[in-house]
Amino acid sequence: MSEAIEPERARTGSAGPFRQFAGRFCRHKLAVVGLAVTAALILTALLAPLLSPHSPYSVSDTFSSPPSSRHWLGTDPVGRDVFSRLIAASRVSLAVGFATVALYVTAGTLIGLVSAYVGGWVDLIVMRVTDMFMAFPFLMVILVVVSVLGASLQTIVFVLALFSWPTVARLVRSSVLSLKEQDFVKAGRALGFGAPRILFRHLLPNALAPIVVNATFGVAGAILSESGLSFLGMGVQPPAASWGNMLGDAQSLTVLTDQPWLWLPPGLMLLIAVLAINFVGDGLRDALDPNG
Amino acid sequence: MTVITESNASRPLLQLEGVKKYYPSRKGLFAKGRIQAVDGVTLDVHAGETVGLVGESGCGKSTLGRTIIRLEHSDAGRILYDGEEITAYSVRRMRPLRTQMQMIFQDPYSSLNPRQRVEDILAEPLIAHGLPRGEDARRSVGKLLDLVQLPRSSRSRYPHEFSGGQRQRIGIARALALKPRLIVCDEPVSALDVSVQAQILNLLKDLQDELKLTYVFIGHGLGAVRYISTRVAVMYLGKIVELGETNRVFDAPRHPYTSLLLQAIPVADPRRRLRERLVLQGEAPNPENPPPGCRFHPRCPFARERCFSEAPSLTGNGHAAACHYPLG
């Protein structure tokens, strides 16, 4: 009878979606560890010049020397301090990862939102274009583009983003297609809301969860892709350091067997970074989708 | 005090003239069919009354409701609001009229944006129409909550913290935010518990008296429609088959379909249960391919030869029925 008088859950204050989400995320132990490691990596990258004992570019008198008290992780064949280069590389690798994701997630989200909301032939054309991009043998195309445009950080970010947005666009499109049939979107139209308001206030906030999860995994993916390209010599160019081109330096069998300090640290860093970010992604996925 | 002039009083608030709505459907790879969801509906709704729309699922009553407030384009016919033809209005031209006509939705779980607080849900229509902002908007939200009898403390909560009935109250408050004259209620109580249904119906009635609202009330619960409506329109396969004052339609139906629909209401009295009654057989035919003649003839116990070939039109003063051989 007094159904209208007392709100169902008479808790003090209102547990907003964010607090609920944070609670669920913290229950995922690995995700919390991953978040801590990721934060430490980001901090390292930001403070790189302060943390590295040597300049990553300065050449010392010892070449390919094993770890010592002066060079904690030894020196590379040119005589540069591996530990300092490792720290400098974290800056490059993370920057590529985050910049790429920021670029393609923004583009993919906008494209997917508009495509699904407008529908009709716009949607048809956009979807065929995404199909085209997804059908490209993308490693080949990236190699060609990089060799044409020249390898630079901007080029790498651009080509990686160019071939990653379709996934996000399709993801956003599919959630918007189902969301726009919901009554709250119809109510928005009945109330005379303009398309931008419906797109960004009503559809986007409700489609955000899968985008955030995808973006997190995307950072790890972009870091790996950059490493792959750099390993092949098509990515970050020396003397700048990235984990990928440091691994690339270790392509000879003698280095592989006799000088593990050259390839073990960048390999481990790559592993740790990708694992940590993926754990964060897992945690986000579980926290944002309580039914999953 | 405003004096209602003669022409205003006699002119219906909403006039539908032969409104049709088709949906394309795919039959084969290339063959395209069309579903006649609403097939030539003519109906006047006068200011202050409640017109109930009833019929089985799929009879086009919800589509008609969405077409009235121009959430869907009609494919033929004319829609006039307060004498102004709005049939072909663009989204932009409809905008000012959005403050005049609103909708209450069936499912209170999908009709509220889960990411918005109640105060944002209620203030957004005002802000989008350049109406009060800031402190004025806050006050308006408080008044709206009072109107639908929700505590003012609800403002900072999210929809998931409310029960179905409370959510429906929020949906009603949102529809009232722009002070509309006409509200299309699309099965507003079908998703609620029976005890809550009565509360919401009473709230709608009170609001109608207080704010001089006009309702088009869509429902398949006959009890709810009878309770709230001044007049009732019975729909079958996209057409109105019977139209008249609520009590006359319910007490002395003239169309066999209405009669069968009413007899389908379960009787609570076991002594009356044994009474002979006709049962509505089968399901409504596919609206993509409606039967010729009277659309109801395949299921009608009284169908005669004329019904197989000739479609009846809605005739009769006051209490109209689309039947060659009306009952009573």
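- Contact annotation for residues 208-216 of chain B against chain A (heavy-atom separation below 4.5 Å): no residues qualify.
- Annotation: B/Y89, atom OH; neighbour count of heavy atoms from other residues, nucleotides and ligands within 6.0 Å is above 12.
- When all heavy atoms are compared, the tightest approach of A/F193 to B/P125 is CE2-CA, 3.7 Å.
- Considering only residues two or more places apart in sequence or on other chains, B/R181 meets the side-chain contact (heavy atoms from CB on, under 4.5 Å) condition with B/L13, B/Y81, B/D82, B/Q100.
- Side-chain contact between A/N206 and B/Q116 is absent, with no heavy atoms from C-beta onward closer than 4.5 Å.
- When each of B/I69, B/N113, B/T99, B/L97 is checked for heavy-atom pairs under 4.5 Å with chain A, B/N113 comes out on top.
- Looking only at side-chain heavy atoms (C-beta outward), B/R115 and A/R201 stay at 4.5 Å or farther from each other.
- Between chain A and the options B/M103, B/R174, B/M94, heavy-atom pairs under 4.5 Å are most frequent for B/R174.
- Residues of residues 178-192 of chain A lying within less than 4.5 angstrom of chain B, judged on heavy atoms, are A/Q182, A/D183, A/F184, A/K186, A/A187, A/R189, A/A190, A/L191, A/G192 in numerical order.
- Residue pairs meeting the salt bridge (Lys or Arg N to Asp or Glu O under 4.0 Å) criterion with at least one partner in residues 115-138 of chain A, sequence neighbours excluded, are A/D123-A/R173, A/R128-A/D131, A/D131-A/R170.
- For B/L71, the parts sitting under 4.5 Å from any heavy atom of chain A are the backbone and the side chain alike.
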